[in-house]
Amino acid sequence: MAIHLLRLSDFTRDELFAYIDRAIVLKQESAASIRHTQLAGKTIALIFEKASTRTRVSFEAATYGLGGQVIFLSAKETQLARSEPLKDTALVMSRYVDGLVVRTFGQEVVSELARYATIPVINALTDLFHPCQVLSDVMTVIEKKGQLKNLKVVWVGDGNNMANSWVQAAARLDFELVLACPQGYEPRADILQEAQQEAGARITVVHDPVEAVQGADVINTDVWASMGQESEQQKRLHVFRGFQVDAELLRNAKPDCIVLHCLPAHREEEISEDVLEGPQCVAIDQAENKLHIHKAILEKHIA
Ligand code: CP
Ligand code: NVA
């Protein structure tokens with residue numbers, strides 16, 4: 001039976017760490033020029049309804065790196081754009097390829113594809129979650145800090161798809177998560193509550209970024225207006241004033257605090273240029289780790 005990756009809460013602590021442990025090995029093997037063939041004879045289709053640089057290229061490169069083949073489909077050039085049902089798309093694609101990697105708006109789109117597909121469906125970002133990204137981000141934190149257990153990770157900004165996936169990661173992976181969001185822009189209440197109820201979970205939401213980052217080991221941010229929210233850009237610039245990750249905010253964290261950003265970044269909005277390009281920011285390493293995590297995901301779900 002196909003195992004889908006739609007959200008992190010579908011996986012146990014051990015399963016989540018297994019992706020990361022495997023990605024670390026695959027990264028080392030890649031550096032040692034070890035060739036892989038786990039996906040030889042397999043074809044992966046990417047169906048993207050939103051823009052992407054990192055996720056598309058890293059999934060494509062990961063597939064080729066494991067010896068597989070990729071077909072990229074811009075959703076607007078498929079019959080989905082002419083309202084062909086997701087059910088028919090899932091059934092038909094399942095006859096052609098071995099896995100579907102999907103970037104879209106509604107989480108219900110990936111759920112519906114997964115309901116009918118007989119091949120694995122991987123969520124490459126929806127409005128609700130960005131699970132593969134957060135796996136690469138947690139991997140990056142482990143690389144930089146050695147472990148997660150005693151770390152304080154702070155999310156500063158919008159309670160968006162990235163924040164929701166960080167909440168689900170924190171529910172299972174031992175670190176403390178504090179989210180500083182403007183009133184009304186917190187992570188989704190049901191996702192937050194479900195995560196907070198997990199044994200050992202330490203997840204809180206506050207509205208003051210300065211309070212939140214006291215003693216932080218990791219500060220994490222993302223754009224204030226996500227894809228699909230372009231019409232709210234001006235309003236959000238106003239709402240999120242005071243939530244920029246800049247040098248002054250960073251001074252409240254631990255001196256060795258690292259700064260995460262999944263990219264693309266809007267310089268001088270959610271993050272100042274000096275912090276984004278400064279020594280504490282690990283955004284480019286995060287971006288690299290998407291390649292290794294995607295290999296681990298493809299290997300587990302599709303090989
Ligand atoms: N971080 C991320 O998902 O980047 P892309 O939108 O470029 O894929
Ligand atoms: N929250 C952002 C993440 C982009 C990788 C968005 O959804 O646009």
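Counting starts at 1 for both ligands and their atoms, following the listed order. Small disclaimer: the values here were computed from a predicted structure and weren't measured.
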Is it true that Leu263 lies under 4.0 Å from ligand 2, counting heavy atoms only? yes
Can you list the atoms of ligand 1 that are under 4.0 Å from a heavy atom of Gln133? 1 (N), 2 (C), 3 (O)
The atoms of ligand 2 lying under 4.0 Å from a heavy atom of Asn161, numbered in the order shown, are 1 (N), 2 (C), 6 (C), 7 (O)
Between the side chains of Lys27 and Asp285, is the shortest nitrogen-to-carboxylate-oxygen separation below 4.0 Å, so that they form an ion pair? no
Distance under 4.0 Å to a non-hydrogen atom of His130: what atoms of ligand 1 satisfy this? 2 (C), 3 (O)
Check Glu277 with Arg267, please: is the shortest side-chain N to carboxylate O separation under 4.0 Å? yes
Could you tell me how the ring of Phe11 sits relative to the ring of Tyr19: parallel (under 30°), tilted (30 to 60°) or perpendicular (over 60°)? perpendicular
Nearest protein heavy atom to atom 3 (C) of ligand 2, by residue and atom, and its distance? Asp222 OD2, 3.5 Å
Arg103 near ligand 1 by a heavy-atom separation under 4.0 Å: yes
Sub-3.5 Å N/O-N/O distance, Met227 and ligand 1: no
Which ligand 2 atoms, with their elements, are less than 4.0 angstrom from a heavy-atom of Leu125? 3 (C), 4 (C), 5 (C), 7 (O)
Judged by atom type as modelled, is there a donor-acceptor pair below 3.5 Å linking the side chain of Glu194 to the main-chain atoms of Leu192? no
Sub-3.5 Å N/O-N/O distance, Arg56 and ligand 1: no
Polar contacts were defined as any N/O atom of the residue lying under 3.5 Å from an N/O atom of the ligand; does this apply to Pro264 and ligand 1? no
Could you identify the single nearest non-hydrogen protein atom to atom 8 (O) of ligand 2 and state the distance to 0.1 Å? Met227 N, 2.8 Å
Atom 4 (O) of ligand 1 sits nearest the protein heavy atom Arg54 NE, 2.9 Å
So, does Gln286 sit close enough to ligand 1 that a heavy atom of it is under 4.0 Å from the ligand? no
Answer yes or no for Leu263: is there a heavy-atom contact with ligand 1 below 4.0 Å? yes
